[in-house]
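Here is the structure we will look at.
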There are 2 protein chains.
Amino acid sequence: MSSVGVGHIALVGAGPGDPDLLTVRAARLIAEADVVVHDALVGAGVLALVRPDAELIDVGKRPGAGVAQEETNAILVRLANEGKRIVRLKGGDPFVFGRGGEEAVVLAAAGFACEIVPGITSAVAAPAAAGIPITYRGLAASFTVVTGHRQYGELPVNWAALAQAGGTIVILMGVAERGVIASALMVGGLGGDTPVAAIRLATTNRQVISRCRLDGLSDLDLESPATLVIGAVAALNVTEVAAAGAYAVDPC
Amino acid sequence: MSSVGVGHIALVGAGPGDPDLLTVRAARLIAEADVVVHDALVGAGVLALVRPDAELIDVGKRPGAGVAQEETNAILVRLANEGKRIVRLKGGDPFVFGRGGEEAVVLAAAGFACEIVPGITSAVAAPAAAGIPITYRGLAASFTVVTGHRQYGELPVNWAALAQAGGTIVILMGVAERGVIASALMVGGLGGDTPVAAIRLATTNRQVISRCRLDGLSDLDLESPATLVIGAVAALNVTEVAAAGAYAVDPC
């Protein structure tokens, strides 16, 4: 692993919350950075790894407030022009939503090639933290990760096709629209008894797991943000010893 | 981060290849393990972190050879009963294919709750290493990860529904069936000109990136294993300075 000199910019995934789930590369870059530009979803445990003398810039988008994307882009280009060692720290993985691709393009257009450091996305880590394998032989041979965030006023997802695809559905940023999403999936063919799990603050010591049926999702008491897992695997907890007898294990 | 005592078993994701893309927790557990039980896909750089005096057991499945799943399950239960510090090391993430869920169930049924340590899946890291964001505003608001591996003699995926879903499609273990998969997706409605990228040995110093159209995928010269990325984003390389002018950046 090489250390980095000045004039280095990395788009770094901060993982799901637990700082132990940073990659080795991410932890190194964060500790070496002159400036860390971070989102709202990056946890306190991760930010604690930033050098005390480094600059910390919060560009988190928050309901009705926060920093606009153009402003974030401009900040990144300015810092890159200053020759700083920059970590642009994004919750989860930099290319799983969160507009990391756009920021990389803006930087490339300004003449700066960034390093991309992938992170553990909550789409995978949150179910795992609840004992839910997002794929499981005989139950789910695929998984789809979608955003429940509106773009241009609409949910940019073909829910009927997803309902037919047969795999696990993982929804990020979908708490506010969970009723609309559940209805669309049921119209598309998913049964009302399809298992659902919701995981809040996954991998932190404040993690909360809720389970329900798809037809009960709109009534589930749930604060944003949470990861929603929809499909047969959402009923499992494969790390729970007491429950293990209930699962058929398919040999080969 | 706590160290672990004896009698600890962890299902650990080894990430895509580069040992710097292990999580901090995974690197710690590997270095402390008494025994590491690993798959064929775990790279040499990761295995180099195992203690010289630790036991290393290769349970890799290989075409026409390797260790059957029941035997792997039996090995894990035996080691757990011996009270060892065990790392079950799987390429990528332990719950993204690879039958980690089944191994956790077998262990739970034997009375052992495992720790699950997520890893960076190649489904996300391989495209990123090629400069491909698997989601991108206006191009892909979802991604689906599927296996191209036959189960019970069939490809267990509804390709027509996936073709209609509109997001990025990432296929792991799909090299052998790439012609069948491409045909099924085109029958389902994807255009023959849909961009495709194939990434071999992602994040290692032997990484190879190939790009083609969906109707050329069956003729692409490609060795297994590789990660296949299908969809509009597969044409991008957002970290390439020379190409940046070609991408529209959508403000907000």
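Below, chains carry the letters A, B, ... as their sequence lines are ordered, and counting in each starts from 1.
Of all heavy-atom pairs spanning B/P118 and A/A125, the tightest one is CG-CB, 4.0 Å. Nearest approach of B/L21 to A/T23, heavy atoms of both residues: O-CG2, 3.8 Å. In this structure, A/T144 and B/S142 approach most closely via the heavy-atom pair CG2-CB, 4.3 Å. When all heavy atoms are compared, the tightest approach of A/V238 to B/F95 is CG2-CZ, 3.6 Å. Closest of all the heavy-atom pairs between A/V24 and B/P19 is CG2-O, 4.4 Å. Across all their heavy atoms, A/Y136 and B/V105 have their closest contact at OH-CG2, 3.5 Å.
The candidate from A/D18, A/T135, A/V117, A/L172 with the greatest count of non-hydrogen atom pairs under 4.5 Å with chain B is A/T135. The choice from B/T121, B/T203, B/V96 that makes the most heavy-atom pairs within less than 4.5 Å of chain A is B/V96. Between chain B and the residues A/L22, A/L107, A/L162, A/I116, the most heavy-atom pairs under 4.5 angstrom are made by A/L22.
A/R137 CZ to B/H149 NE2: the interatomic distance, rounded to the nearest 0.5 Å, is 6.5 Å. One finds the CD1 atom of B/I134 at 6.5 Å from the CG atom of A/D93 (value rounded to the nearest 0.5 Å).
Contact of A/V170 with chain B is not made at all, since no heavy-atom distance falls under 4.5 Å. Contacts of A/V145 with chain B are made by both backbone and side-chain atoms, with heavy-atom separations under 4.5 Å. Only the side chain of A/A27 comes within contact range of chain B, with heavy atoms under 4.5 Å apart. For a residue to count as touching a neighbouring chain, one of its non-hydrogen atoms must lie under 4.5 Å from one of that chain's; by this rule A/I169 does not touch chain B.
Under the 30°/60° scheme for interplanar angles, the aromatic rings of B/F143 and A/F97 are found to be tilted.
For the pair B/D20 (side chain) and A/R25 (backbone), a donor-acceptor distance under 3.5 Å is absent.
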